[in-house]
Student: 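The structure that follows is given in the form of C-alpha cells.
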Amino acid sequence: MKRIFTKSFIFLSLIMFASCDFETLFEPQFNEPVKEFFDTYTNTAAIEEHKLSVESYNDLSARLCINSDNECTVQFYMRNPRQYELSTSVKFSSLENIDTSLVQISQKDKATIELKLPQSFLADCDEGHNISPTISLLEPMSGRSFADYTFSLYSNSIPPQVNNPTIMNDSNTTFVVAFDMPSQAELALRHKDLNTITINGKSYPLSISSDGNFVISDSAFATEEKTYAILSGKSFTYTDRSVYYTTGDPFENGDKEYTITLSDAAGLKAETLASTKITKLNSPLVTSTANKSIESSYNSETKEYMPKSLPLLSGKDYTTVKITAPTADNAGNTLDPAGLEVTYKLFNGTPKVAKLTKSGSFSGSQELNLEVGTWYLESYATKTSYEKSSVTKCYIRVVDSCIFIGENGSDDDEEADGTEDLPYASISKAIADINKRNDSGVEYTLMISGRIEGEENTDTILASGLLIQGAASAVNDKIGKFALTSPIPVKFTGINIEEISTESTSNITLSDDSTVTKAIIKDGSTLSLESNARITEAILEGSGKLTITGNLTQETAATITPAEYSSRLPVLTDNEYLSANCGKIKVKPDTDEWIVSESGLLMIKRNITITLIEQEEDIEVTRTTSGNEVTFTVTTEGCSCKWYWENLDESNPAAIAGSETSFTKDTSGLVNGVYDLYLIAEKDSVKYSYHAQVKVE
C-alpha cells in the first residue's frame, strides 16, 4: 500500500506542477485546496477495491450473482496511510427476515478487510435476493467515520441439471425423452424460482412448490410410470421425480439428440443432453469403509429411498464414505480418466428436506467424513463426448450406537469389543454390552455379518429400540432361531432369519429386504410386516396375528397357517394398511380355498354372481365384488338412499340395511343361496327403485 500511495502522490504532484502558474502557486487562494486534499488523503482510510473468493456471473438483468454452494469470502483492499486499527461493520439494506448473525467482518491487516458470507446465509438468500453489502469504517480512537463502501451482489445459484435423460421409442411412432427432475430437497432449498423447461427450443411453463415438488402442466409431459423401448442400450428407472416428454417427432432409425434446459426467473439456466449418438457414463460408486456399496434403493410403493445405517469409525466421532469415478461407460468401454470429473452435493437431512453442507468436483476419488445424523448424498460423472451419468443417490443414517456381530467374532472381552474390526459372536453379548451402558433412551443398531446362531432372551434390555441389520445382504447375513421377549421395538432390515417366534411381550417388525423362513406367532402376539419383507411360512397359534405396518411390495409377502380353518377367524390386525395389502397374505391350502378379507378375517372364498332385476333409467348404480364382499354404489349425484337386504319394507325403519350412497355386504357368513337387494332412492322429491339378486355359492 505504501508503494501505491507513493506512486499516486508523485503522479498527482506532476499533474499539479505541470498545470501550475508558478507565480501564483504559493498564493493563499491556490494553496488551500491542495493542502486540504493532501490532508484528507494522508489522514483517512478508505476501501478502494474488492475481490470475491468464488466464481461470479451475470443474470439476464446484468446483476452480479454468486451461488450458495460454498462460503464466499470478500477481500476489501484499503488505502490506510496512517495504519489505523479500524472497527468494521456491514449492513444489507435489502434483506428482511434473513438471519445475518453468522456473517463475519474483520480487519485482517493494515490494508485488508475480510467479509465472510457463510454457505447457510447464501442458501437462505438464494433465488435472487439482493445481498449488496455496505461496509462502514470507524476509527475508534478519534471516533471518526470514514467513507462507506458498497457494491452490487445477488445470491442466485445456477439451476441444477435434470438427471438421467434418456431417449425412448413409443411404439415406433414418436420419440419420448424420459428424465428425472432434481431432488425435492434441492429444489425446495434454493430453486423454487425455476419457471421454464425447454426441450430442443420448445419452452414450457414450470412451477416449483415450497416443498420442492414440481408441476409441468403441458400435456406433452407425464409423470406416471410408462413403458417404452429404451434406445442405445441405456436404462431408465422410474421414481417419483421422473418425467416423460412426448416429442411428437416421427420415430425413425438413426441418431437423435435432445437438449433439456431448466431456467429460473432471473434467466439463469442449465442444459443437459440426451443422445443416441454417444454412450453414457456409468454412475460413480459410493462405498463405506467396509468397501460396500451404499447407494440407496428406491421403494416404488412408498415412493421413498431407504436409508442405509452406518456406524462411527472406531475411536472417531464420524464415519467416512468414498466416492469413486466410474471406469467404464454403459457399453462396457473402459474410460480414459483424463477429463473425467465427478460432481457431488452433500445435504444434511433427507431426500425431501435438507440443508446443503458441502459440494464440489474432483477426478479419481474423494472421501467425505459424516458425523452422527442423517445425510443425503448425490453424485454424477461428466466427460466431454459422453452423456452425463445417472445420479448415485445415497440416503445415509450415521449412528453412534452401532454394535457389530459376526460369525467370526468372539464374546471374549480380551478379543472383541463390538467394533467392526473386533465384532462379538452373539446377540446376547451385544445385549450385555448395551445393558452395561445403562442408557435406555438410545436406539442401538446391531450389524450382523455372516451367519450367527440367534437369540432367545427374556431379560430387560436398556434401550429404546433395536435395529438389527445385515452388514452386506439378506443372502449372506443370517440369524438362526430368534425369540426376543423384551417389549422394546425390534426392527429387522436386510437380513434372513431362519426361525422367529413371538410372545405377547414382543414388538418385532420385519422391514426392508428381510426374510423369515418360519415364523411362529404365539397366542396373543403379533408380528409386523412392511416394505419388501417376506415370510415363507407364518404359523399362527391361538389368537396370534400378523400386522401390516406399511405397504407391501412382494406379491406373496407371507403364507399363513391359521390356528384353525374357521370362517371369520381374525388373522390380520385391522389398520390403515390392511385393505390395500391383505391380498398379498396367502393362506396355506386346505380342503377349501381360503382367503384373507379386507377386514383381516379368514374366509372361504365364495363364488358371487350379481343379477340386475330392475333399474330405473334416471338412476345409475355400479356393482363390484372384492373377495367375499359385494358393493353397490349410486353414481347419480344428489340422491338420498335406503338399502334393504332380503326384505323390502318401507314401512319398517328397522328393515333398512343402509342409508349411504354406497352399500357393502360381506357374504362370507351366508349360506349358499340367492339374496335380494333393494334400493329406494329419492332425488328432487322423486323416488326411484332398484332391485338386484346376489347368488352366493
Student: Do Tyr228 and Tyr244 make a side-chain contact, defined as non-hydrogen atoms from C-beta onward lying under 4.5 Å apart?
Tutor: yes
Student: For Phe251, which residues count as a ring pair (Phe, Tyr, Trp, His ring centres under 6.0 Å) partner, sequence neighbours excluded?
Tutor: Phe175
Student: List for me each residue that meets ring pair (Phe, Tyr, Trp, His ring centres under 6.0 Å) alongside Phe221, sequence neighbours excluded, and say none if there are none.
Tutor: Tyr204, Tyr245
Student: Kindly list each side-chain donor-acceptor pair under 3.5 angstrom involving residues 324-331, sequence neighbours excluded, with atom names and distances?
Tutor:
unit_1 : atom_1 : unit_2 : atom_2 : d
Asp329 : OD1    : Ala331 : N      : 3.0
Asp329 : OD1    : Gly332 : N      : 3.1
Asp329 : OD1    : Asn333 : N      : 2.8
Asp329 : OD1    : Asn333 : ND2    : 3.4
Asp329 : OD2    : Thr279 : OG1    : 2.9
Asp329 : OD2    : Asn333 : ND2    : 3.0
Asn330 : OD1    : Lys280 : N      : 2.7
Asn330 : ND2    : Ser232 : O      : 3.4
Asn330 : ND2    : Gly233 : O      : 3.3

Student: Please find the pair of heavy atoms, one from Asp126 and one from Asn156, that lie closest to each other, and give the distance.
Tutor: OD1-CA, 3.2 Å
Student: Heavy atoms, side chains only, cut-off 4.5 Å: are Leu153 and Leu52 in contact?
Tutor: yes
Student: Determine whether more than 12 heavy atoms belonging to other residues, nucleotides or ligands lie under 6.0 Å from atom CD of Glu96.
Tutor: no
Student: Taking salt bridge (charged side-chain N to carboxylate O under 4.0 Å, His left out) as the definition, give me every residue that meets it alongside Glu530, ordered by chain and number, with sequence neighbours left out.
Tutor: Lys491
Student: Test of understanding: with ring pair (Phe, Tyr, Trp, His ring centres under 6.0 Å), list the residues that count as partners of Phe179, not counting sequence neighbours.
Tutor: none
Student: Regarding Asp249 and Thr174, do their side chains bring together a donor and an acceptor under 3.5 Å, going by distance alone?
Tutor: no
Student: Salt bridge (charged side-chain N to carboxylate O under 4.0 Å, His left out) with Lys586: which residues, sequence neighbours excluded?
Tutor: none
Student: Where the side chain of Thr100 meets the backbone of Val103, is there a donor-acceptor pair that is under 3.5 Å apart?
Tutor: no
Student: Could I get the full list of salt bridge (charged side-chain N to carboxylate O under 4.0 Å, His left out) partners for Lys584, not counting sequence neighbours?
Tutor: none
Student: Sub-3.5 Å donor-acceptor pair from the side chain of Ser296 to the main-chain atoms of Tyr395, do we have one?
Tutor: yes
Student: Search all heavy atoms of Gly254 against all heavy atoms of Thr276 and return the closest pair with its distance.
Tutor: O-OG1, 4.0 Å
Student: Looking only at the side chains, is there a donor atom on one of Asn291 and Lys322 sitting less than 3.5 Å from an acceptor on the other?
Tutor: no
Student: Checking Val321 against Cys394 for the side-chain contact (heavy atoms from CB on, under 4.5 Å) test, could you report, in this order, the C-alpha distance in whole Å, the side-chain angles of both residues, the deciding distance, and whether it holds?
Tutor: CA-CA 10 Å; Val321 298; Cys394 300; over 6 Å; no
Student: Would you list the pairs meeting side-chain hydrogen bond (donor to acceptor under 3.5 Å, both in side chains) in which at least one residue belongs to residues 260-271, sequence neighbours left out?
Tutor: none
Student: If the condition is ring pair (Phe, Tyr, Trp, His ring centres under 6.0 Å), which residues does Phe632 pass it with, not counting sequence neighbours?
Tutor: none
Student: Side-chain contact test, heavy atoms from C-beta onward, threshold under 4.5 Å: evaluate it for Thr247 versus Asp170 and give yes or no.
Tutor: no
Student: Salt bridge or not for Lys308 and Asp512, using N-O below 4.0 Å?
Tutor: no
Student: With a 4.5 Å limit on heavy-atom distance, are the side chains of Leu312 and Cys402 in contact?
Tutor: no
Student: Check the pair Ile323 / Leu377 against side-chain contact (heavy atoms from CB on, under 4.5 Å), numbers first and verdict last.
Tutor: CA-CA 10 Å; Ile323 312 172; Leu377 173 63; 4.0 Å; yes
Student: Can you sort out the partners of Thr547 under side-chain hydrogen bond (donor to acceptor under 3.5 Å, both in side chains), two or more places apart, ordered by chain and number?
Tutor: Thr573
Student: Are the side chain of Ser389 and the backbone of Tyr380 linked by a donor-acceptor contact shorter than 3.5 Å?
Tutor: no
Student: Please check: side-chain N/O of Lys478 versus main-chain N/O of Ile448, any donor-acceptor pairing under 3.5 Å?
Tutor: no
Student: Okay, side chain of Thr289, backbone of Thr320: is any donor-acceptor separation there less than 3.5 Å?
Tutor: no
Student: Taking it one step at a time, do Arg397 and Ser309 satisfy side-chain hydrogen bond (donor to acceptor under 3.5 Å, both in side chains)?
Tutor: CA-CA 5 Å; Arg397 189 173 71 104; Ser309 291; 2.9 Å; yes
Student: Working note: Asn532 + Asn299, criterion side-chain hydrogen bond (donor to acceptor under 3.5 Å, both in side chains); need CA distance, chi angles, decisive distance, verdict.
Tutor: CA-CA 8 Å; Asn532 59 343; Asn299 187 320; 5.8 Å; no
Student: Which atoms form the tightest heavy-atom contact between Val391 and Glu378, and what is the distance?
Tutor: CG1-CB, 3.8 Å
Student: Using every non-hydrogen atom in the two residues, find where Ala274 and Ile167 come nearest and quote the distance to one decimal.
Tutor: O-CD1, 3.5 Å
Student: Quick one, Ile497 and Leu510 - any side-chain contact, counting heavy atoms below 4.5 Å?
Tutor: yes
Student: Do Leu206 and Asn195 touch side chain to side chain, with heavy atoms closer than 4.5 Å?
Tutor: no
Student: What about Tyr305 and Tyr298, are their ring centers closer than 6.0 Å?
Tutor: yes
Student: Under the rule for salt bridge (charged side-chain N to carboxylate O under 4.0 Å, His left out), what residues qualify as partners of Glu257, not counting sequence neighbours?
Tutor: none
Student: Is Asp69 close to Arg190 at the side-chain level, that is, under 4.5 Å between some pair of heavy atoms?
Tutor: yes
Student: What closest approach, in Å, do Thr173 and Asn169 show between heavy atoms, and which atom pair accounts for it?
Tutor: N-OD1, 4.1 Å
Student: Ignoring hydrogens and geometry, is there a side-chain-to-backbone donor-acceptor pair from Asn581 to Leu552 under 3.5 Å?
Tutor: yes
Student: Please table the atom pairs, donor to acceptor, closer than 3.5 Å between any side-chain atom in residues 358-366 and protein atoms at least two apart or in another chain.
Tutor:
unit_1 : atom_1 : unit_2 : atom_2 : d
Ser361 : OG     : Thr343 : OG1    : 3.1
Ser363 : OG     : Leu340 : O      : 3.3
Gln366 : NE2    : Tyr344 : OH     : 3.2

Student: Check each of Thr622, Thr635, Thr633 against Ser662 using the side chain to side chain donor-acceptor pair (under 3.5 Å) test, and report the only one that passes.
Tutor: Thr633
Student: Please tell me whether Thr515 and Arg534 have a donor and an acceptor in their side chains that are separated by less than 3.5 angstrom.
Tutor: no
Student: More than 12 heavy atoms of other residues, nucleotides or ligands under 6.0 Å from CG of Asp336: yes or no?
Tutor: yes
Student: Is any side-chain heavy atom of Thr357 closer than 4.5 Å to a side-chain heavy atom of Trp375?
Tutor: yes
Student: Test side-chain contact (heavy atoms from CB on, under 4.5 Å) on Tyr57 and Asn67; report intermediate values, then the result.
Tutor: CA-CA 9 Å; Tyr57 40 87; Asn67 66 39; 3.5 Å; yes
Student: Can Ser68 and Ser157 be counted as having a side-chain donor-acceptor contact under 3.5 angstrom?
Tutor: yes
Student: Which pair of heavy atoms, one from Ser511 and one from Ser531, lies closest together, and at what distance?
Tutor: OG-CB, 4.2 Å
Student: Report the C-alpha distance between Phe214 and Arg241 in whole Å, list the side-chain angles of each, state the deciding distance to 0.1 Å, and finish with yes or no for side-chain contact (heavy atoms from CB on, under 4.5 Å).
Tutor: CA-CA 9 Å; Phe214 63 90; Arg241 308 301 289 177; 3.8 Å; yes
Student: Should we say atom CD of Gln554 is surrounded by more than 12 heavy atoms from elsewhere, each under 6.0 Å from it?
Tutor: yes
